[in-house]
Amino acid sequence: MKGQELITNAQISSTVTQIRGIDTAAVTFRDMYNSLPGTVRNPGSRLPNCTSVPCLTNQTGTGSATTSNPNNGRLDMGFDDIPDDGGEAAAFFVHMAKADLMGGIDEGIGPVFGGYFPQANVSGSGFHAAFVRSDSADDMMPGLSVAGDGVDIVRSGHYLSLHSSVQAGAAITGDANSAILTPNMAARIDRKLDDGSATTGTIYSMGEGTDCAAENGTYAEATTDLVCGLYIRIQQ
């Protein structure tokens, strides 16, 4: 058990480092290209070796990937949408990889963790990115622990989701299919990066009902089942 706890501690620490690294890479990319990754217009002429469908999102011209709002500066989807090949959510990580700001992305594999989306160092999990509007938070962030009150609490902005590989390349469900953390693991990540509350600050938990956390923000840390995922605000 002590050995397993050491492994868990290492996974949590390295996952926190990953989250910070993704946020830093996005800030650096914005400085380099004056655009959030995933929203670059004409990336084929601006990013090195940008020839794949996800990389060419927002590229003009016949036969290239396009999206509806390439100039609005945000990822045009919520976590309730499917991050498809030609969408800005897939391009978000691919663009940073092309700019040599992050690794772990292999376009040849497709819309899975380790493909268009990075794997997290917590086993069986990975990251998606999306833009969330506060007035639609309950819908755009499935399984939000503050569901019903989310529109009054969650701030609009870009978020990462840390969740199960079962949902790679699909819309997050917010239930047991998306859960990959115990409440204690989720709480430890929250405490390292934010305020330790599941329903305030810049990190919010997802889960089925109150399995992961109560609506007052207290994580159910006595529970040892994998019942949690996280939404993490970036680009603040």
> So among Y159, Y204, Y231, which one has a ring-ring contact (aromatic ring centres under 6.0 Å, His included) with F79?
Replying inline: Y231
Using atom types as modelled and distance alone, determine if a side-chain donor or acceptor of [X] lies under 3.5 Å from a backbone N or O of [Y].
{"X": "S13", "Y": "A10", "value": "no"}
{"X": "N58", "Y": "R41", "value": "no"}
{"X": "Q119", "Y": "G126", "value": "no"}
{"X": "H158", "Y": "R74", "value": "no"}
{"X": "D23", "Y": "I234", "value": "no"}
{"X": "T39", "Y": "S35", "value": "no"}

Check whether any side-chain heavy atom of [X] lies under 4.5 Å from a side-chain heavy atom of [Y], and answer yes or no.
{"X": "D195", "Y": "T200", "value": "yes"}
{"X": "R233", "Y": "I203", "value": "no"}
{"X": "L56", "Y": "C50", "value": "yes"}
{"X": "T199", "Y": "N216", "value": "no"}
{"X": "P142", "Y": "T173", "value": "no"}
{"X": "L162", "Y": "I189", "value": "yes"}

Shortest non-hydrogen contact from [X] toward [Y]:
{"X": "P54", "Y": "A91", "answer": "O-CB, 3.1 Å"}
{"X": "A176", "Y": "E208", "answer": "N-OE1, 4.0 Å"}
{"X": "P83", "Y": "F117", "answer": "CB-CZ, 3.6 Å"}
{"X": "A89", "Y": "M77", "answer": "CB-SD, 3.0 Å"}
{"X": "D194", "Y": "T202", "answer": "OD2-N, 2.8 Å"}
{"X": "P37", "Y": "F92", "answer": "O-CD1, 3.1 Å"}

Less than 3.5 Å apart, any donor N or O on the side chain of [X] or [Y] sitting next to an acceptor on the other?
{"X": "N184", "Y": "T182", "answer": "no"}
{"X": "S205", "Y": "S145", "answer": "yes"}
{"X": "S164", "Y": "N177", "answer": "no"}

Side-chain heavy atoms nearer than 4.5 Å, only ILVMFWY residues, links allowed to pass through others: does that put [X] and [Y] together?
{"X": "I19", "Y": "V154", "answer": "no"}
{"X": "L36", "Y": "M140", "answer": "no"}
{"X": "L160", "Y": "I180", "answer": "yes"}
{"X": "I22", "Y": "I12", "answer": "yes"}
{"X": "V94", "Y": "M32", "answer": "yes"}

Please report the interatomic distance [atom1]([X]) to [atom2]([Y]), rounded to the nearest 0.5 Å.
{"X": "I232", "Y": "T15", "atom1": "CD1", "atom2": "OG1", "result": "9.0 Å"}
{"X": "Y219", "Y": "R191", "atom1": "OH", "atom2": "CZ", "result": "9.0 Å"}
{"X": "L226", "Y": "L181", "atom1": "CG", "atom2": "CG", "result": "7.5 Å"}
{"X": "H95", "Y": "R46", "atom1": "NE2", "atom2": "CZ", "result": "10.0 Å"}
{"X": "E215", "Y": "I153", "atom1": "CD", "atom2": "CD1", "result": "8.5 Å"}

>> Does atom CG (D31) have a neighbourhood of more than 12 heavy atoms from anything else shown, all under 6.0 Å?
In response: yes
> Does atom CG of D100 have more than 12 heavy-atom neighbours from other groups under 6.0 Å away?
Replying inline: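 No, because the 6.0 Å sphere around CG of D100 holds 12 heavy atoms or fewer from other groups.
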>> side-chain contact (heavy atoms from CB on, under 4.5 Å), that's the test. Do D138 and L144 meet it? Break it down for me.
In response: CA-CA 7 Å; D138 293 337; L144 186 67; 4.0 Å; yes
Using a 3.5 Å cut-off and no angle test, enumerate the donor-acceptor pairs between side-chain atoms of residues 127-134 and protein atoms at least two apart in sequence or in another chain.
from	atom 1	to	atom 2	distance (Å)
H128	ND1	H163	NE2	3.3
R133	NE	D135	OD1	3.3
R133	NH2	S136	OG	2.7
S134	OG	S156	OG	3.3

> Given the rule in the side-chain contact (heavy atoms from CB on, under 4.5 Å) test, do C55 and E107 qualify, once you have shown the distances and angles that lead to the verdict?
Replying inline: CA-CA 9 Å; C55 189; E107 301 148 273; 4.2 Å; yes
> Got a sec, which pairs hit disulfide bond (SG atoms under 2.5 Å apart) with one end in residues 182-214, sequence neighbours left out?
Replying inline: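 Listed by first then second residue: C212-C228.
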>> Walk me through whether M206 and L230 qualify under side-chain contact (heavy atoms from CB on, under 4.5 Å).
In response: CA-CA 6 Å; M206 71 170 82; L230 292 175; over 6 Å; no
>> Between Q18 and N121, is the side-chain contact (heavy atoms from CB on, under 4.5 Å) condition met? List the steps.
In response: CA-CA 8 Å; Q18 280 185 294; N121 288 330; 3.3 Å; yes
> With sequence neighbours excluded, what pairs up with S125 under the side chain to side chain donor-acceptor pair (under 3.5 Å) test?
Replying inline: none
>> Which label fits F29 and Y33: parallel for a plane angle under 30°, tilted from 30 to 60°, or perpendicular past 60°?
In response: tilted
